[in-house]
Amino acid sequence: MDSGSAPQRIADLRTQVARHDELYHRRAKPEIADVDYDRLKRELADLETQFPAAALAAGADSPTARVGDDRAEGFQTYRHRQAMQSLDNTYSEAELREFHARLVRLLGREDLAYVVEPKIDGLAVSLTYEQGRLVRAVTRGNGVEGDDVTANARTIHSLPAELKKSKTAPAPDIVEIRGEVYLTLAEFRRINQGREEAGLELYANPRNLAAGTLKLLDTREVASRRLEIVLYGIGACEPAGAAGDTQSGYPARLHGWGLPILEKSWTARGIDEAWAAVQELDRRRDAFAYATDGAVVKLDSFALQREAGRTSKAPRWAMAYKFAAERAETKLRAITIQVGRTGVLTPVAELEPVVLSGTTVSRATLHNQDEIARKDIRVGDTVSLEKAGEVIPAVIAVNLERRTPECVPYVFPTSCPACGTPVVRQEGEVALRCPNYECPVQVRRRVRHFASKACVDIDGLGEAMVDALVEKGWVKSAADIYRLRRENLLSLGKDVEKSTDNLLAAIEGSKRAELWRFIHGLGIPHVGAASAKDLAVRFRGLEALASARLEDFLGEKKASLIEGIGGTIAQAIVTHFNQPRNRTLVEELLALGVAPKPPAGAAAGGASLLGKTFVLTGALPTLTREEATARIEAAGGKVSGSVSKKTSYVLAGTEAGSKLDKAQALGVPILDEAAFLQLLPPAG
Ligand code: IVH
């Protein structure tokens, strides 16, 4: 680059970076991978340093000098007492060592102690506690002021409304506590599956979904997705001394106040130890509850942090080392179409097998038609793959240098590849659908789902068996399973007498499966196992659920009447049963003798756990965790992972951890196994 072409390149890069900032921070819909974004930003920063005159000519305002802005429509903004900065980052060990060398020069000493923390891939928030009470939760915004998301943050179960009284470190009068809101992988998958079935656009990774969720204007909807939070720092604090004097003192302090903290952090003397900690983190981070995209190396001493100071954008005393998601290039052999249970057509990339992060990948989802067009993906292209959110392989981009004239744009089918019905695109959806309810692939998938382990769990009715029965035309719906005839099954092969009898017995036995299994098995969009359990407790029967109206789910001002069931799920249920065929299926099932077992609750006698929430901690003398959970759920209760004021009981065994402390602090009743068993309805 020479000084002649620098101004143009700087201007181009500024436009590009500003656009990606907007997509990432404000809309939670990035179009490029983090590494590529960081590369653009780095190139811009380097050019601005190298050609200061050109940078100035392009204007004073550059995205390299500010933090990305997440403020969105519909929220009140709030000014942070202490600004929330960003972090400088690097992908290179040498640059991390250079960060240390800079601090050595700046501070005039070699013996620098660091803390190494996981860098959580979530959404930054600042919580203000006044006199120990949570008064506000605000996003980072532009660093100076952010969006007030207090109502949404209050739906996070693990977030205490009041700080615990800690003897060693009393809660400050006013304190800003900083951390990240995130979603677990399991929750990410649950929500995306619901969206896929409903034909809605999928979230690319847990971070985007967490960010999108915290910025929903409908708090009921937020409550139906289970956000989590982890806290690692302190902003403004009065009196100042209450924050302590080292970074390494934070976890104990925050934990003492009852806040969820990082799973692990390291203290390191010097940069060699810090680098070793970064590598250890990389080996262990898969086991963390949240996605991490790097390590943050911070000077331990607050006195030294103050001395090192900050730039307009980031502290000089900290550096993020990012783990580049592994990438691989391979050839896109073909695009095939998968027809889902609800008729959604999903394009799938059929790839020349390639190893990515230790697994061989030969297929990857391309999400939908728009996504293929936006990335201009053509059959025959060489594409680069990455594990999105380090989870599902995704096609990131096309390597245009390797595109040949034979690579032709993909034409999305206009009719269903399975049944030939013309596809439709419904308003508000990104997906194309096959509208034919009798489409054989949809029928197979619906019946497979109903019979699967996650639903009614009919032993012997696996995918291959379902496919055979559908193929023969004997099964067209879940109800037909209960109409199967022995002589038909016997005709499927030689020596099948025994397996036929076993299957018929399993089918007969399944008629009394738990109610939530049937509800899940009906395949209502957005209704997964967890929602099905919530619905079973409230409705106690399939008929009651099928005839429920929107008012039965949502009360005045649309407040959710059933825990865990927000507006989207409620609407999906009502829409589902507005279709006569879906109501007919329920009627047929019941007429065929299906008698789902409602959760033991009020009807089972005085000892019901209906509406009670339990948290399990430690090892119980006789019950396993799974057994205890099953007993609680069977009695109408729920099990949650974290203690809050809403927890009814903590069931504690030996070696109970922080959950027990928290229960004591909040005054939540604590049960041992014997006391717990007394609460349960008598067996049988
Ligand atoms: S410290 C003044 N520590 O990464 C520096 N940030 O890319 C404050 N982040 O805005 C940040 N994990 O949202 C810090 N252990 C950690 C972090 C962390 C994730 C986020 C944070 C920050 C962003 C910068």
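Basis for what follows: all heavy atoms, side chains included, without hydrogens, waters or symmetry-related copies. Just follow the structure's listing: the first ligand is 1, and inside any ligand the first atom is 1.
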Looking at [atom], what's its closest protein heavy atom, distance included?
atom	result
atom 7 (O) of ligand 1	K119 NZ, 3.1 Å
atom 8 (C) of ligand 1	Q85 O, 4.3 Å
atom 6 (N) of ligand 1	Y232 OH, 3.2 Å

Sequence-distant partners of D34, salt bridge (Lys or Arg N to Asp or Glu O under 4.0 Å), two or more places apart:
none
Under the criterion side-chain hydrogen bond (donor to acceptor under 3.5 Å, both in side chains), which of K322, E98, E95 is the partner of T90?
E95
Pick one of side chain, backbone, both or neither for how [X] approaches ligand 1, counting any non-hydrogen atom pair under 4.0 Å.
X	value
E180	side chain
P118	backbone
R140	side chain

Would you say E43's side chain and L13's backbone share a donor-acceptor pair under 3.5 angstrom?
no
Are the side chain of R178 and the backbone of L231 linked by a donor-acceptor contact shorter than 3.5 Å?
no
Judged by non-hydrogen atoms, does P315 sit under 4.0 Å from ligand 1?
yes
Looking at ligand 1, is there an atom of it that comes within less than 4.0 Å of some heavy atom belonging to K298?
yes
Taking the minimum heavy-atom distance to atom 24 (C) of ligand 1, which of T139, D293, L87, L262 ranks first?
L87
Could you tell me which atoms of ligand 1, counted from 1 in the order shown, lie closer than 4.0 angstrom to a heavy atom of [X]?
X	value
E117	3 (N), 15 (N), 16 (C)
I120	12 (N), 19 (C)
V296	3 (N), 15 (N), 16 (C), 17 (C)

Contacts of D272 meeting side chain to side chain donor-acceptor pair (under 3.5 Å) (sequence neighbours excluded), chain-then-number -> R97
Is the shortest distance from a Lys or Arg side-chain nitrogen in R283 or E280 to a carboxylate oxygen in the other one below 4.0 Å?
no
For residues Q247 and Y114, is any side-chain donor paired with an opposing acceptor at under 3.5 Å?
no
Side-chain H-bond candidate by donor/acceptor type, E228 with T184, under 3.5 Å:
no
